[in-house]
Amino acid sequence: MVVNVNIGQTIRKVIAEKGISQAQLGRMLEKPATYVTRLLNKETIDTETLYGICRRLKYNLFADFSKSEMLDSEYQCMIDIKDETDDIWSPGCILLHPHIGEKIFGILKQKKVTQSELGDFLGVSHQEVSRLLKNESIDTGKLVLISNFLDYNFFSCYYWLETSEEIMAGDAIDNILVKYVDVLY
């Protein structure tokens, strides 16, 4: 079961632990102070916005919300985001950017649940469910409801936890590459 999440409280806790002020968070997000204040008072936001916040904070909030038994406290705080400026991956919980509507659709099919049944549970029309499944983003409050209804934690779609074997294999590959580059130069 996925517990209800309070986005604002969680972000507030993370920035306090990282020693980031609200003004600094605003600069990181390239948003005015009023936006940060509203953000920290919200219980839910869309997953696209949350993904952007995770990238800026270099902290995977989706893993925290997942409360997966797979994640120990060390991994819940670790994140590795690869972009143009990164040259290697470090171990941990890697932030992913799934098309959440497609993920939900896949689980509906797998569990043989109709869109109408999901709509009835959410109190929305079949057409609204159809639109929701086309979206790349969803409100985190709805994501909690859908996760619990389908007995599948959709927050876990936003991260990939490297196993110790994968981490070791990555280190071995990195060591080989370093030796190869040293030979060339």
Side-chain angles (χ1 to χ4, degrees), residues 1-14 29 35 38-83 89 91-167:
M1 176 161 181
V2 179
V3 295
N4 281 332
V5 296
N6 186 310
I7 300 296
Q9 284 179 356
T10 305
I11 294 171
R12 195 180 299 271
K13 183 182 114 198
V14 169
L29 299 175
Y35 174 86
R38 282 193 312 273
L39 173 69
L40 296 177
N41 289 321
K42 287 187 173 197
E43 288 188 33
T44 67
I45 59 174
D46 67 276
T47 54
E48 187 66 25
T49 301
L50 184 57
Y51 175 82
I53 292 168
C54 290
R55 285 185 55 84
R56 299 297 179 153
L57 288 176
K58 296 194 181 303
Y59 187 95
N60 195 331
L61 293 157
F62 292 101
D64 278 359
F65 298 142
S66 180
K67 301 296 185 209
S68 171
E69 298 80 42
M70 291 173 47
L71 293 176
D72 60 28
S73 58
E74 245 179 80
Y75 279 130
Q76 285 192 336
C77 295
M78 293 171 65
I79 184 171
D80 182 20
I81 299 171
K82 181 139 178 90
D83 63 21
W89 291 91
C93 185
I94 299 169
L95 182 66
L96 300 177
H97 192 245
H99 186 293
I100 196 64
E102 290 176 1
K103 295 285 187 182
I104 294 168
F105 181 73
I107 297 300
L108 282 172
K109 281 180 64 173
Q110 179 185 332
K111 295 194 177 249
K112 296 180 173 91
V113 175
T114 67
Q115 292 181 25
S116 293
E117 290 171 319
L118 178 58
D120 289 344
F121 175 77
L122 294 174
V124 298
S125 69
H126 175 283
Q127 292 82 4
E128 182 64 29
V129 171
S130 182
R131 277 191 293 277
L132 179 128
L133 297 177
K134 292 176 184 171
N135 288 334
E136 290 184 40
S137 185
I138 185 172
D139 180 78
T140 54
K142 257 192 193 133
L143 194 57
V144 168
L145 292 174
I146 294 169
S147 292
N148 290 331
F149 178 69
L150 295 174
D151 195 29
Y152 184 90
N153 191 332
F154 287 100
F155 286 92
S156 67
C157 297
Y158 286 89
Y159 65 86
W160 172 59
L161 181 63
E162 290 180 302
T163 65
S164 56
E165 292 82 21
E166 291 165 328
I167 292 168

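Quick note: residue numbers are just sequence positions, from 1. Keep in mind that the numbers below use all heavy atoms, side chains included, and drop hydrogens, waters and symmetry copies. Remember, predicted model here, so these are calculated numbers, not experimental data.
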I would like to know whether L108 and L133 meet side-chain contact (heavy atoms from CB on, under 4.5 Å); could you show each step before the answer?
CA-CA 10 Å; L108 282 172; L133 297 177; 3.9 Å; yes

Determine, step by step, whether T49 and I7 satisfy the side-chain contact (heavy atoms from CB on, under 4.5 Å) criterion, reporting the C-alpha distance in whole Å, the side-chain angles of both residues, the deciding distance to 0.1 Å, and the verdict.
CA-CA 11 Å; T49 301; I7 300 296; over 6 Å; no

Give the C-alpha distance, both sets of side-chain angles, the deciding distance and a yes or no for side-chain contact (heavy atoms from CB on, under 4.5 Å) between I53 and I45.
CA-CA 11 Å; I53 292 168; I45 59 174; 3.9 Å; yes

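Sorted by first and then second residue, the salt bridge (Lys or Arg N to Asp or Glu O under 4.0 Å) pairs involving residues 105-127 (not counting sequence neighbours) form an empty list. Pairs engaging residues 100-137 under the ring-ring contact (aromatic ring centres under 6.0 Å, His included) rule: F121-F149 [sequence neighbours left out].
In this structure, I138 and I146 have side chains that are in contact, with non-hydrogen atoms separated by less than 4.5 Å. Annotation: side chain of N41 is in contact with side chain of R12 (closest heavy-atom distance under 4.5 Å). Taking 4.5 Å as the limit, every side-chain heavy atom of V144 sits out of range of all side-chain heavy atoms of T140. Put simply, the side chain of E48 reaches to within 4.5 Å of the side chain of H97, judged on heavy atoms.
The aromatic rings of Y158 and F62 lie parallel to each other, with less than 30° between the two planes, well short of the 60° mark.
Note: C157 SG to E102 CD = 11.5 Å, rounded to the nearest 0.5 Å. To the nearest 0.5 Å, atom CD1 of residue I100 and atom CZ of residue F155 are 8.5 Å apart. Residue L118 holds its CG atom at 10.5 Å from CD of E128, rounded to the nearest 0.5 Å. One distance of note links OG of S125 with CZ of R131; it measures 5.5 Å at 0.5 Å rounding. The CG atom of L29 sits 6.5 Å away from atom CG of L57, with the distance rounded to the nearest 0.5 Å. Interatomic distance, L40 CG to Y35 OH, rounded to the nearest 0.5 Å: 10.0 Å.
Heavy-atom minimum distance, C54 versus L95: CB-CD2, 3.8 Å. Minimum interatomic distance between D46 and S137 (heavy atoms only, all atoms of both residues): OD2-OG, 3.2 Å.
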